[in-house]
Amino acid sequence: MTDEQKAIARACLAAAEGDTMIFPEIVGTLIAAGFESYAVDLRRATATYYLPDGDSLELPAHRVATAIAPAFDTDRLKAAIREAQQQVPGYTYRGFCETAAAAGCAGYIVSFPGRRALYFGRTAETHVELFPGS
């Protein structure tokens with residue numbers, strides 16, 4: 001992984017956490033830089049960015065204040081995803097992560113070639129969300 005790719009991954013994480021770029025912009029930037037996917041672990045407060053050759057970069061992410069609920073509430077998680085997609089007034093990425101944790105989401109993986117995100121709970125329950133327009 002090049003220093004430029006590392007800087008782009010750091011900038012995209014900062015942009016997400018600072019609400020200065022929206023998801024489609026972040027995805028486009030990471031794809032253009034050669035990334036294949038990324039994963040966010042809400043329990044460990046990390047974001048890991050992956051290249052197709054298996055190389056990866058793990059970065060510290062903000063820690064959610066909300067405990068990850070033991071039950072995976074798919075409906076609550078899907079409502080949070082819709083708010084993010086629609087950029088409802090008052091939406092923040094940090095707020096999304098808090099709601100996701102309260103819905104039992106322990107983390108998620110975003111696949112660029114698969115055009116989807118897979119959200120998972122503490123019991124390995126999952127929800128797959130296709131990118132809009134997929």
Side-chain angles (χ1 to χ4, degrees):
M1 183 174 305
T2 68
D3 288 340
E4 181 180 0
Q5 288 171 314
K6 291 176 185 177
I8 289 168
R10 285 186 186 94
C12 285
L13 179 58
E17 292 182 345
D19 298 310
T20 59
M21 286 176 74
I22 60 173
F23 180 76
E25 294 170 329
I26 291 168
V27 168
T29 300
L30 290 169
I31 289 171
F35 288 94
E36 179 176 70
S37 65
Y38 70 93
V40 173
D41 186 332
L42 296 175
R43 292 176 286 195
R44 294 186 60 235
T46 60
T48 306
Y49 297 83
Y50 299 94
L51 294 175
D53 68 2
D55 199 4
S56 65
L57 173 67
E58 183 178 275
L59 299 173
H62 77 281
R63 185 164 299 281
V64 294
T66 303
I68 297 167
F72 193 67
D73 185 342
T74 305
D75 290 336
R76 189 171 182 188
L77 177 62
K78 289 192 318 190
I81 293 167
R82 297 295 167 262
E83 286 184 3
Q85 290 171 338
Q86 296 168 7
Q87 290 291 292
V88 298
Y91 168 82
T92 66
Y93 173 68
R94 288 176 185 253
F96 168 80
C97 290
E98 296 294 333
T99 302
C105 180
Y108 60 92
I109 302 165
V110 178
S111 168
F112 305 145
R115 297 190 45 77
R116 69 192 70 212
L118 181 134
Y119 297 84
F120 55 90
R122 291 169 51 184
T123 60
E125 291 176 87
T126 61
H127 168 68
V128 176
E129 185 73 26
L130 298 177
F131 288 4
S134 294

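Note that the coordinates shown come from a computational prediction; the quantities given were computed from them, not determined experimentally. Heavy atoms only: backbone and side chains are in, while hydrogens, waters and symmetry mates are out.
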Worksheet item: So, for A102 and A69, which heavy atoms are closest and what is the spacing to 0.1 Å?
Response: O-CB, 3.3 Å
Practice prompt. Drop me the distance from M1's CE to L51's CG, to the nearest 0.5 angstrom.
Written response: 4.0 Å
Worksheet item: With sequence neighbours excluded, what pairs up with E129 under the salt bridge (Lys or Arg N to Asp or Glu O under 4.0 Å) test?
Response: R82
Fill in: Same cluster (ILVMFWY, side-chain, under 4.5 Å), Y50 and L118
no
Worksheet item: Looking only at atom types and distance, does a side-chain atom of R94 sit under 3.5 Å from a main-chain N or O of T92, one as donor and one as acceptor?
Response: no
Fill in: Aromatic contact, F131 with F23 (centres under 6.0 Å)
yes
Discussion item. Tell me whether Q87 contacts the main-chain N or O of A84 through its side chain, where contact means a donor paired with an acceptor under 3.5 Å.
Written reply: yes
Worksheet, complete the sentence: Minimal heavy-atom distance between A100 and L77, with the atoms involved, is CB-CD1, 4.0 Å
Item to complete: Apply side-chain contact (heavy atoms from CB on, under 4.5 Å) to F72 and H127, showing your working.
Response: CA-CA 9 Å; F72 193 67; H127 168 68; 4.1 Å; yes
Worksheet entry | Residue pair V64 / A101: nearest heavy atoms and the distance that separates them | CG2-CB, 4.2 Å
Worksheet entry | From CD1 (I8) to OG1 (T2), nearest 0.5 Å | 7.0 Å
Worksheet entry | From CA spacing to verdict: side-chain contact (heavy atoms from CB on, under 4.5 Å), Q5, D55 | CA-CA 11 Å; Q5 288 171 314; D55 199 4; over 6 Å; no
Report, one line per pair, each donor and acceptor closer than 3.5 Å where one atom sits in a side chain of residues 25-45; sequence neighbours left out.
from	atom 1	to	atom 2	distance (Å)
E25	OE1	I22	N	2.9
T29	OG1	E25	O	2.9
D41	OD1	R43	N	2.9
D41	OD1	R44	N	3.1
R44	NH1	E58	OE1	3.3

Discussion item. According to a hydrophobic-cluster definition based on side-chain heavy atoms being under 4.5 Å apart (Ile, Leu, Val, Met, Phe, Trp, Tyr only), do Y93 and Y49 belong together?
Written reply: yes
Practice prompt. Compare every heavy atom of P132 with every heavy atom of R115, then report the nearest pair and how far apart it is.
Written response: NH2-O, 3.8 Å
Worksheet entry | Linked, directly or transitively: I81 and F112 (ILVMFWY side chains, under 4.5 Å) | yes
Worksheet item: Looking only at heavy atoms, what is the nearest atom pair of C105 and Y119, with distance?
Response: SG-CD2, 3.9 Å
Practice prompt. Quick one: pull up CG in L59 and OG1 in T46 and give me the separation to the nearest 0.5 Å.
Written response: 9.0 Å
